[in-house]
Every structure is written in C-alpha cells, then in structure tokens.
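Read through the structure below, which is laid out as structure tokens, and then see the notes.
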Amino acid sequence: MKLLVINPGSTSTKISVFEDGNELFTQSVFHDAPTLMQYETTNDQLPFREKVVMDFLAERNIRIEDIDVFVGRGGCAASQPEGVMEIDERLYRDTMDDIGGSDHPAKLGVMMAYLFSIRYGKPAYTVNPTNVDELCDYARVTGLKGVYRRAQSHVLNQKGIARIHARKLGKDYKDCFFIVCHIDGGITIAAHKGGKMIDGTEGAGGDGPFTPTRIGSIPIMETARFLEEHTTTELEAMCSRSGGFVSHFGTSDSNRIHRMVEDGDEHATLIWDSMIYQICKEIGAMATVLEGHVDAILLTGGLVRFDDITEKIEKRCGWIAPIAKYPGEVEQEEMANEVMKVLNGEAKARKYTAKAVFKGYPWDKKE
C-alpha cells in the first residue's frame, strides 16, 4: 500500500512516499517568498506546487498511477474536530473558497490530493488541518460583539510532538499540560490541556509573533492607518506570505537572515531578536492560560535548528517549565500513520460536514 503525502507550507513543499507505513522517500523543497509572490493568490500556486510533486516522483522513478492513497495537509474549509477526514468534492470546494476565513498554503495539500484522487481513481484523506477547533470559550471572545478569534495553528505538528513528549514522560497526552511552539516560516504557540489545544495564536490571521513570512500582531489603529493606503488583499497577503522577514528584507530565507546576524548586521539582529522576544511573550501568555501548571515547553519547527533561538527562549522562559527541543517536524509521519490506522481498520475517517465547530453564542442570534 503506497501513500503519497503532500504538505505545502508557507516556505516549502514537503513530499513523502510511504509503503505499508514505512517511509521510502521524503523531500522538502524550499520556496523563497519572491517565487511565491509571483502568484496573486494561494490558489494560483496550484500548478507550481503540483509540478514540484510530479518532479519529486519522476526523480525517483515512481509512477503516480502506482500510488494507492493520496494524503494532503489541509485547512481553510469549515473548522473541524481533530482526526482523519475523507477528501470529497465538498471539502475540496470549501477549501478552495476559503470558507473558514483564512488563506494558508496548507489548503493546496487537500486540493492536490483531491485532484489526484479523481484523476487516478484512488482515495484521498487529510489529517488534523490547520483549523481544527478545540478553543475554550475565553480564547474566542474579543472586545467586539460578534467578532471572535479563530482556531488556526500548526495542529498536525503540535499534536504529534506533544504525543511524542508525553510518551517520553511516561504519560498519556490527555494527562499533560504543554506549551507547544511551532517555529518556522509560520509560528504558532498553543496551550495544550486534556489532549486539546485550548488556546493559541492564530497563525495566518495577524496574531502572535511575526515570522519569516507573517506580520504577527499589530495594534489595530496602526493596521487601520496601513489600510488607508493599502488594500485588504495586500494586508491578507502580509498576514501569510509577504510580512515579517519578507517585508523587512525581501526574503523569507532564514539561513540568509541568520548569516546577516552572525556578521553583525544591526537591522537583521534587531529583527531576529525581536521575533524571539515576541515568541517568549506568547509562551508567557500560554503559561497563564494553564494557570502555571506546565509540564514542558516544547520547541519544534525548522527554525529550532538555530541554537540562539532556543538559548534565548530558555533564558526568558526556562523558569516556567522544562524546555525540550524537537527541530523539524513530524507532519509527514503523522499523516501517514493516522491514515494507515484507517486503512487497517483500527480507526474511522470522518466525513466533512461543512459545519464549523463554533457557531456563535445564543445572544448572537437575531430575534
């Protein structure tokens, strides 16, 4: 049983082939921001990302016709509970149309998996999309009636890493209190309690730390002034593709920016250290969500390869809880393993309902 696992991110496309649960090939193809900014919308990237996948297969002499199951990372449709979900036309359409209110490259995983499944007559699944919604009520409410914060995070990797660390502690994930930080082209920080992500930063929604590609949180009046000379479409792009390092330096290449830091560049050093500072602020916020009961702070994602990031987080946040590093991510393995459970009859895949987990409160309804 061969699985093709497709994982488009804000700065890369990760592709894997698994056979009977064993990883045969994996590659992560980096895309610098100027390359992706050639496309007006995320949907417009589809042919480019599909070519990346087809080139990966061709280089390894794998015929796509021999793939048995297509698995794509997802997001942007209606929010859903965690787990494996079948990809059908309804999910494909809602993902393409961003009915969930966000626009993240992860959506292209669902879209490619669906198109491949139709083209080659094979099943397709997605696992823990970016908009799995497990937020507590306090995390939703804002100071504007009827305007709520959304669940939008690196759910797939965060939960995968949390489960791995729980096993290391000899515990069940559901019995642990973690702060998990996914630090890469996008950055999200979440509080995990009882096996759920009860609060966290909204990844591509202009929330939390700025990142190599995202603007992060900006005071609302500064955002309003920005919109006096820019469109909401431009702002949306800066929330997910053209903010952060891209805005400051014209590139999302963290290796390049870090070399500038090592060379003593004053601008690069300030921006780099400010990103780390903002990560630490959000870790502190999540510690209060967990009322100080934190078993561990888990650092994961591609940027954790830089020692200075983890050292500076440890300096500011090490007093909160022990800090564990998991450079990179486990998204490919998580998707393959969870789908294999379905294929082996150990678990069931859900059907997409197109109904969001959170539908508002009773007082929101018009009489």
Side-chain angles (χ1 to χ4, degrees), residues 5-14 36 41-43 45-46 49 71-85 87 91-92 94-114 125-135 139-140 148-162 180-192 196-209 211-214 216 236-237 239-241 243 282 300-302 329-332 334-335 338 350 352-354 356-358:
V5 180
I6 308 166
N7 182 355
S10 57
T11 57
S12 67
T13 304
K14 301 181 187 73
L36 298 181
T41 69
T42 301
N43 288 349
Q45 296 178 25
L46 188 62
R49 301 271 192 161
V71 186
R73 186 178 171 213
C76 305
S79 60
Q80 295 290 297
E82 72 168 323
V84 180
M85 188 160 53
I87 303 176
L91 175 57
Y92 168 76
D94 283 0
T95 299
M96 182 171 60
D97 293 340
D98 297 324
I99 72 158
S102 67
D103 180 27
H104 187 279
K107 67 187 291 191
L108 298 170
V110 159
M111 293 168 67
M112 280 189 275
Y114 176 75
Y125 299 93
T126 190
V127 182
N128 284 346
T130 60
N131 57 349
V132 165
D133 188 346
E134 299 173 327
L135 294 180
R140 300 187 190 281
Y148 299 108
R149 293 178 64 248
R150 298 172 305 168
Q152 188 68 229
S153 187
H154 296 90
V155 181
L156 190 61
N157 191 43
Q158 286 216 21
K159 283 182 171 283
I161 293 297
V180 187
C181 311
H182 179 104
I183 308 172
D184 206 348
I187 297 174
T188 54
I189 297 153
H192 294 239
K196 297 184 182 298
M197 298 170 66
I198 63 168
D199 200 348
T201 57
E202 186 180 330
D207 185 35
T211 84
T213 60
R214 300 174 183 174
E236 184 177 50
C239 285
S240 61
R241 295 184 288 144
E282 295 297 343
T300 181
E329 40 78 21
V330 294
E331 292 174 342
Q332 305 301 92
E334 277 289 295
M335 286 191 277
E338 293 304 307
R350 291 181 291 100
Y352 175 64
T353 64
V357 170
F358 175 67

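Position 1 is the first residue of the sequence, and the numbers go up from there. No hydrogens, no waters, no symmetry mates; every other heavy atom, side chains included, goes into these values. Bear in mind the structure is a predicted one, so any value in this text is a computation, not a measurement.
Taking all atoms of both residues into account, the shortest heavy-atom contact from His192 to Ala162 is ND1-CB, 4.2 Å. Heavy atoms only, all atoms of each residue included: Ser10 and Gly185 are closest at OG-C, 3.6 Å. Nearest heavy atoms, Cys239 versus Gly205: SG-C, 4.2 Å. When all heavy atoms of Gly72 and Thr126 are compared, the closest pair comes out as O-OG1, 2.6 Å. Looking at every heavy atom in both residues, Asp94 comes nearest to Ala354 through OD2-CB, 3.7 Å.
Of the possible polar contacts, none joining the Asp133 side chain to the Gln80 backbone as a donor-acceptor pair under 3.5 Å is found. Arg140 contributes no side-chain N or O that, together with a main-chain N or O of Phe358, makes up a donor-acceptor pair within less than 3.5 Å. Checked by atom type and distance alone, the side chain of Asp184 pairs as donor or acceptor with a backbone atom of Gly302 at under 3.5 Å.
Expressed to the nearest 0.5 Å, how far SG of Cys181 lies from CD1 of Ile161 amounts to 12.0 Å. A distance of 11.5 Å separates NZ of Lys196 from CG of Leu135, quoted to the nearest 0.5 Å. With rounding to the nearest 0.5 Å, the separation of CG in Leu108 from CE in Met96 is 11.5 Å. The distance from atom CG of Asp97 to atom CG of Asn43, rounded to the nearest 0.5 Å, is 8.0 Å. Note that CE of Met197 is 6.0 Å distant from OG1 of Thr188, once rounded to the nearest 0.5 Å. We find the CG-CD distance between Asp207 and Glu282 to be 6.5 Å, quoted to the nearest 0.5 Å.
For Glu331, the salt bridge (Lys or Arg N to Asp or Glu O under 4.0 Å) test picks out no residue, with sequence neighbours left out. Remark: Tyr125 pairs with no residue by the ring pair (Phe, Tyr, Trp, His ring centres under 6.0 Å) rule, at least two apart or across chains. For Lys14, the salt bridge (Lys or Arg N to Asp or Glu O under 4.0 Å) test picks out Glu329, with sequence neighbours left out. Remark: Asn157 pairs with His182, Thr300 by the side chain to side chain donor-acceptor pair (under 3.5 Å) rule, at least two apart or across chains. Partners of Asp199 under the salt bridge (Lys or Arg N to Asp or Glu O under 4.0 Å) rule, at least two apart in sequence or in another chain, are Arg149. Remark: Asp98 pairs with Cys76, Asp103, Lys107 by the side-chain contact (heavy atoms from CB on, under 4.5 Å) rule, at least two apart or across chains. The side-chain contact (heavy atoms from CB on, under 4.5 Å) test applied to Arg150 returns Ser102, Glu202, not counting sequence neighbours. Every salt bridge (Lys or Arg N to Asp or Glu O under 4.0 Å) that Glu134 has, sequence neighbours left out, goes to Lys159. With sequence neighbours excluded, no residue forms a side chain to side chain donor-acceptor pair (under 3.5 Å) with Thr95. Scanning for side chain to side chain donor-acceptor pair (under 3.5 Å) contacts around Arg241 gives an empty result, with sequence neighbours left out. Evaluation of the side-chain contact (heavy atoms from CB on, under 4.5 Å) rule for Ala356 yields Ser79 as partners, not counting sequence neighbours. Applying the side-chain contact (heavy atoms from CB on, under 4.5 Å) test to Thr211 and every residue at least two apart in sequence or in another chain returns Ile187, Thr213, Arg214.
Side-chain atoms of Leu46 and Met112, non-hydrogen and from C-beta on, do get closer than 4.5 Å to each other. Contact check for Arg49 versus Leu36: side-chain heavy atoms found under the 4.5 Å cut-off. Contact of the Glu334 side chain with the Val127 side chain is not registered, since no non-hydrogen atoms from C-beta on lie closer than 4.5 Å.
Screening Arg73, His104, Gln152 for a side chain to side chain donor-acceptor pair (under 3.5 Å) with Thr130, the sole residue that qualifies is Gln152.
Note: Tyr92 and Tyr114 have parallel aromatic rings, judged against thresholds of 30 and 60 degrees for the angle between ring planes.
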### Stepwise side chain to side chain contact (heavy atoms under 4.5 Å, CB included) test for Val155 and Glu82
CA-CA 9 Å; Val155 181; Glu82 72 168 323; 5.5 Å; no
